[in-house]
Student: 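Below you'll find the structure I mean.
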Amino acid sequence: MMSLHDDFEKEVRNATETALESIGAAGAEYRIERPSAGNADLAVPCFQMSKALKKAPKDIAEELAAAIEPAGMMISAEALNGYLNFTMDPRILMRRTLDEILESGDRYGGHGSNGIRVNVEHTSTNPTGPIHVGRARNPIIGDTLARAMRLSGYDVTTEYYVNDVGKQVVILTWGVNNIPPEDVEEADREKTDHALVAFYRAANRMMESDPEVQEKIADLLRRFEAGDNGVISEVRETAQRMINGLKETLDKINVELDVYTWESKYIADGTTKNVVKQLRESKYAGREDDGACYLDLKDFGIKGKNTKFTFTRADGTTLYTTRDLAYHLDKFRRAERVIDVLGEDQKLGSQQLCSALEILGCDRKPEALFYSFVSLPEGKMSTRKGIVVYLDDLIDEAVSRAYEEIRSRRTDLSEERMTEIASTIGVGAIRYNIVRVQPEKQMVFKWEDALNFDGNSGPFLQYSHTRACSMLKKAGEFKPSTDPSKLTDEYEVALVKALSRFSSVIDEVTEYGRVHMIPAYGHEVASAFNQFYASVPVLSSDDERNERLTLVMCTRIVLHNVLTCLGMGAPEEM
RNA sequence: GGACGGGUGGCCUAGCCUGGAUAUGGCGGCAGCCUCCUAAGCUGCAAGCCGAGGGUUCGAAUCCCUCCCCGUUCGCCA
């Protein structure tokens, strides 16, 4: 189904072409744009045709405007400053937008199921410690993208790739099984991930200072690589305990992953071995004197002094990216679109992966979505050095701050209700503030920004939603009506314009992964709604009461859908 | 040194792909608005050489070139 805006653009195109013909300029090149200034709904700049037509842009615009008889959705075509400006009939805008929202409800913004399977891999942090805010962008960006794609109509699966292979988890496992609990620093909370990371830190310290420990860990790693089932299951069990802790944190910020896939699986099922075999046979493969195998990727746009991508060690064991190849081949079988949310440190690895896939004869590539790490004002975060702000601590702080806020302004709510709302607000503030900025932009973590509850913030959206809820509750029963002749205030028109843009925002998000468009859009809707609220009476109006309440109802639906996409609760009061 | 990403009022940020009309919004600052639907709100004001310099164009925050600053990366780690 064509959207309102597509239909309007089509009318503008037809009208423009007919007008060009009538002034003897058929076939002239032109562009239709959505003006940033609020002069019109669509505009055609007449500068580029000026030279060919040997006329001033201003005159062209005027001639074209005169040649157009507004009809259909178009209510006016006017010339201004060399632009041909088109305005949509607000009555049609009103009627179609509000009817569609009422009809679609919580599906508004999407297009209905499209049957396309998409796999969104996100989070996938090494199971060696709790999630810290440096990496918190990953689950939040990934989950938001997945939610937007679900709304849009995709069949989405989210997936966590658990790195249960390699030195890091082996060190952790050795520490957990060999260091007496009294020898490690006390954990700051009881969650398993916090309890276990102390052993990881201690094991790292011991390994650095004690050659004997180093040898024990090396031995464990050798047995792991050799396929010792006892060691493998020990490592897996430790990683599982860590994952359980991480899941609790993710659950608190409304992130739930559909599938946990263990890296070791691709060694056990032989698919990694197949990948190695095929890579060795390719013409790009080479072998070092000691037996390590590599691909030379200088023909694949990878520049620099070292274009070699090593895929097996001298002893024949595989490396992370080699196993990642097997993993991606598996994902390609399970989904039509494969998306990886990755830290910017994975860029080269991802590029090597894509080149190797090509060498394997695979014509598909994952869509990588990269984000920059969040740092602290004093520098980079580091789990091992303890320079770190844990996501759990950020959540606690945000929720307790939200609790203080609500207690200071409400006296009528039960303790339980306030606690519940505080959690919704605190978590919402965190998710909003993280997803708000474009992923590739580097962020410096500041408590005052992370806990912002005013202006361009999560609570601002939630507050606007509660306002709508509160009005609807006070209104009681009413007869919904989308009669556009009753909705003529400029604030009403501006609000509906904002509401009508939702699906084009979702499209942009699902097509290019630009998740930060969602909070920006939500802010725009909430802001338009608050302005409407401040200047247009609703409950006390007579003639337009049903229509205004319907507009409030539609706004509530859109805000609710936006909040759901952002993984934020939509409270009815706060 | 190479590759990739970022640089926009005091602070944070949108716009950049697809060049167009007065550069988006927020924080902070100043001045107003609750006898009326929740003031986590609304209105107004001050604040910008869009990192620097060239180029292309009728027109550049946006495209091209050079340079500067910040981040990431250049492991037989994951």
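Sequence lines set the chain letters: A, B, ... in the order given, protein chains first and strands last, and positions in each chain run from 1.
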Student: For A/Phe460 and A/Phe453, I'd like to know if the aromatic rings sit close, meaning centre-to-centre distance below 6.0 Å.
Tutor: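 So the answer is no for these two rings.
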Student: Taking the C1' atom in each of B/C64 and B/G48, what is the distance between them to the nearest angstrom?
Tutor: 25 Å
Student: Anti or syn, where syn is a glycosidic angle within 90° of 0; which label fits B/C34?
Tutor: syn
Student: Using a 4.0 Å heavy-atom cut-off across all strands, classify A/Val165 as base, sugar-phosphate, or nothing.
Tutor: sugar-phosphate
Student: Taking atom P in both B/G7 and B/G15, compute the distance separating them and give it to the nearest angstrom.
Tutor: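 Taking atom P in both B/G7 and B/G15, they lie 10 Å apart.
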Student: Both A/Glu33 and A/Ser535 contact RNA chain B. Taking the nearest nucleotide for each, which residue is further toward the 5' end?
Tutor: A/Glu33
Student: How would you label the contact of A/Ala43 with the nucleic acid (heavy atoms, under 4.0 Å): base, sugar-phosphate, or nothing?
Tutor: base
Student: Are the side chains of A/Ser355 and A/Leu295 in touch, meaning some heavy atoms are under 4.5 Å apart?
Tutor: no
Student: Are OP1 or OP2 of B/U38 and a side-chain N or O of A/Lys473 less than 4.0 angstrom apart?
Tutor: no
Student: Classify A/Met574 by what it touches in the nucleic acid, base, sugar-phosphate, or nothing, heavy-atom distance under 4.0 Å.
Tutor: base
Student: Could you tell me whether the phosphate oxygens of B/A14, OP1 or OP2, come under 4.0 Å of any side-chain nitrogen or oxygen in A/Lys441?
Tutor: yes
Student: Across the strands shown, which category fits A/Phe460 at heavy-atom distances under 4.0 angstrom: base, sugar-phosphate, nothing?
Tutor: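 Result for A/Phe460 = sugar-phosphate.
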Student: What's the gap between B/A52 and B/U8 when it is taken at their P atoms, as a whole Å value?
Tutor: 10 Å
Student: Nearest nucleotide by nearest heavy atom, which residue falls closer to the 5' end of RNA chain B, A/Glu405 or A/Met443?
Tutor: A/Met443
Student: Need one value for A/Gln346: base, sugar-phosphate or nothing, where a base atom within 4.0 Å counts as base even if backbone is also close, heavy atoms only.
Tutor: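 Base: the residue A/Gln346, judged by heavy atoms under 4.0 Å, touches a nucleobase.
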Student: Please report the distance separating the C1' of B/G19 from the corresponding atom of B/G59, rounded so that it comes out in whole Å.
Tutor: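 That atom pair is separated by 8 Å.
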Student: Checking ring pair (Phe, Tyr, Trp, His ring centres under 6.0 Å) against A/Tyr161, which of A/Trp262, A/Tyr327, A/Tyr260 comes through?
Tutor: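 Testing each of A/Trp262, A/Tyr327, A/Tyr260 against A/Tyr161, the sole residue satisfying ring pair (Phe, Tyr, Trp, His ring centres under 6.0 Å) is A/Tyr327.
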Student: Just verifying a value: how many Å separate A/Asp164 CG and A/Leu172 CG, rounded to the nearest 0.5 Å?
Tutor: 12.0 Å
Student: Are any of A/His516's side-chain N or O atoms less than 4.0 Å away from OP1 or OP2 of B/G15?
Tutor: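 Checking A/His516 against B/G15: at least one side-chain N or O falls below 4.0 Å of OP1 or OP2.
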Student: Please determine whether the number of non-hydrogen atoms from other residues, nucleotides or ligands lying under 6.0 Å from atom NZ of A/Lys58 exceeds 12.
Tutor: no
Student: Could you identify the nucleotide paired to B/C77, looking across every strand shown and requiring Watson-Crick or G-U wobble geometry with both distances under 3.5 Å?
Tutor: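 Pair assignment: B/C77 / none.
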Student: Do the side chain of A/Gln442 and the base of B/G5 come within less than 3.5 angstrom through a donor-acceptor pair of N or O atoms?
Tutor: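 Donor-acceptor pair under 3.5 Å: yes.
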Student: Mind checking whether A/Phe373 and A/Tyr371 have parallel, tilted or perpendicular rings, split at 30° and 60°?
Tutor: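 Because their plane-to-plane angle is over 60°, the rings of A/Phe373 and A/Tyr371 count as perpendicular.
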Student: What contact category does A/Glu288 fall into here, base, sugar-phosphate, or nothing, at under 4.0 angstrom with non-hydrogen atoms?
Tutor: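 Base contact.
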Student: Determine the contact category for A/Glu573: base if any of its heavy atoms lies under 4.0 Å from a base atom, sugar-phosphate if only primed atoms, P, OP1 or OP2 are that close, otherwise nothing.
Tutor: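 A/Glu573: base contact, heavy atoms under 4.0 Å.
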Student: For A/Glu524, report the nucleic acid contact type (base, sugar-phosphate, nothing); a contact means any heavy atom under 4.0 Å.
Tutor: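 Since no nucleic acid heavy atom lies under 4.0 Å of A/Glu524, the category is nothing.
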Student: Using side-chain heavy atoms (C-beta onward) and a distance below 4.5 Å, is A/Glu573 in contact with A/Leu413?
Tutor: yes
Student: Which part of the nucleic acid, if any, lies within contact of A/Ser50, taking any heavy atom under 4.0 Å across all strands shown: a base, the sugar-phosphate backbone alone, or nothing?
Tutor: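 The residue A/Ser50 makes no contact with any strand.
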Student: Using atom C1' in both nucleotides, what's the gap between B/C30 and B/G55 to the nearest angstrom?
Tutor: 43 Å
Student: Take atom C1' in B/U73 and the same atom in B/C77, then report the distance between them in whole Å.
Tutor: 14 Å
Student: Across the strands shown, which category fits A/Asn39 at heavy-atom distances under 4.0 angstrom: base, sugar-phosphate, nothing?
Tutor: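 Result for A/Asn39 = base.
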Student: Kindly say if A/Arg313 contacts the phosphate of B/A78, meaning a side-chain N or O under 4.0 Å from OP1 or OP2.
Tutor: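 True: A/Arg313 side-chain N/O within range (under 4.0 Å) of B/A78 OP1/OP2.
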Student: Given B/U57, is OP1 or OP2 found less than 4.0 Å from the side-chain N or O atoms of A/Gln48?
Tutor: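 For B/U57, OP1/OP2 do not have a side-chain N/O of A/Gln48 under 4.0 Å.
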Student: Examine B/C17: is either OP1 or OP2 under 4.0 Å from a nitrogen or oxygen in the side chain of A/Arg514? Give yes or no.
Tutor: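 It does not, given that no N or O in the side chain of A/Arg514 lies less than 4.0 Å from OP1 or OP2 of B/C17.
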Student: Check whether any side-chain nitrogen or oxygen of A/Thr312 sits under 4.0 Å from OP1 or OP2 of B/C76, and answer yes or no.
Tutor: no
Student: Could you please name the partner base of B/A60, counting Watson-Crick and G-U wobble pairs only when both distances are under 3.5 Å?
Tutor: none
Student: Say we look at B/A21 and B/C16: how far apart would their P atoms be, to the nearest angstrom?
Tutor: 13 Å
Student: A/Pro57 near the nucleic acid: base, sugar-phosphate alone, or nothing, with a heavy-atom cut-off under 4.0 Å?
Tutor: nothing
Student: For B/U43, does OP1 or OP2 lie under 4.0 Å from any side-chain N or O of A/Gln531?
Tutor: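 For B/U43, OP1/OP2 do have a side-chain N/O of A/Gln531 under 4.0 Å.
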Student: Is any side-chain N or O of A/Asp324 under 3.5 Å from a base N or O of B/A78, one able to act as donor and the other as acceptor?
Tutor: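 By the distance-only test, no, there is no pair.
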Student: May I ask you to check whether A/Tyr294 and A/Phe311 place their ring centers less than 6.0 Å from one another?
Tutor: no
Student: Determine the contact category for A/Ala520: base if any of its heavy atoms lies under 4.0 Å from a base atom, sugar-phosphate if only primed atoms, P, OP1 or OP2 are that close, otherwise nothing.
Tutor: nothing
Student: Under 4.0 Å between a side-chain N/O of A/Arg436 and OP1 or OP2 of B/G25, yes or no?
Tutor: no
Student: Less than 4.0 angstrom between a side-chain N/O of A/Tyr491 and OP1 or OP2 of B/C42, yes or no?
Tutor: no
Student: Any side-chain N or O of A/Ser470 less than 4.0 Å from the OP1 or OP2 oxygen of B/U38?
Tutor: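 Yes, because at least one side-chain N or O of A/Ser470 sits under 4.0 Å from OP1 or OP2 of B/U38.
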Student: Categorize A/Asn433 for me: base, sugar-phosphate, or nothing, with a 4.0 angstrom heavy-atom threshold over every strand shown.
Tutor: nothing
Student: Both distances below 3.5 Å, Watson-Crick or wobble geometry, any strand: find the nucleotide opposite B/A3.
Tutor: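 Matched B/A3 with B/U72 under the 3.5 Å cut-off.
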Student: Can you see if the side chain of A/Gln351 gets near the phosphate of B/C4 - specifically, an N or O under 4.0 Å from OP1 or OP2?
Tutor: no
Student: Any strand is fair game: report the nucleotide pairing with B/G44 by Watson-Crick or G-U wobble, both distances under 3.5 Å, or none.
Tutor: B/C30
Student: Is there a side-chain contact between A/Val525 and A/Val562 (heavy atoms, below 4.5 Å)?
Tutor: no
Student: Using only heavy-atom distances, decide whether a donor-acceptor pair under 3.5 angstrom links the side-chain of A/Asp290 to the base of B/C76.
Tutor: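 Indeed there is one.
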Student: Output yes when at least one side-chain N/O atom of A/Lys347 is less than 4.0 Å from OP1 or OP2 of B/U72, else no.
Tutor: no
Student: Pick base, sugar-phosphate or nothing for A/Lys446, based on heavy-atom distances below 4.0 Å to the nucleic acid.
Tutor: nothing
Student: Could you work out the separation of B/C50 and B/C4 based on their C1' atoms and round it to a whole Å?
Tutor: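 Roughly 23 Å separates the two C1' atoms.
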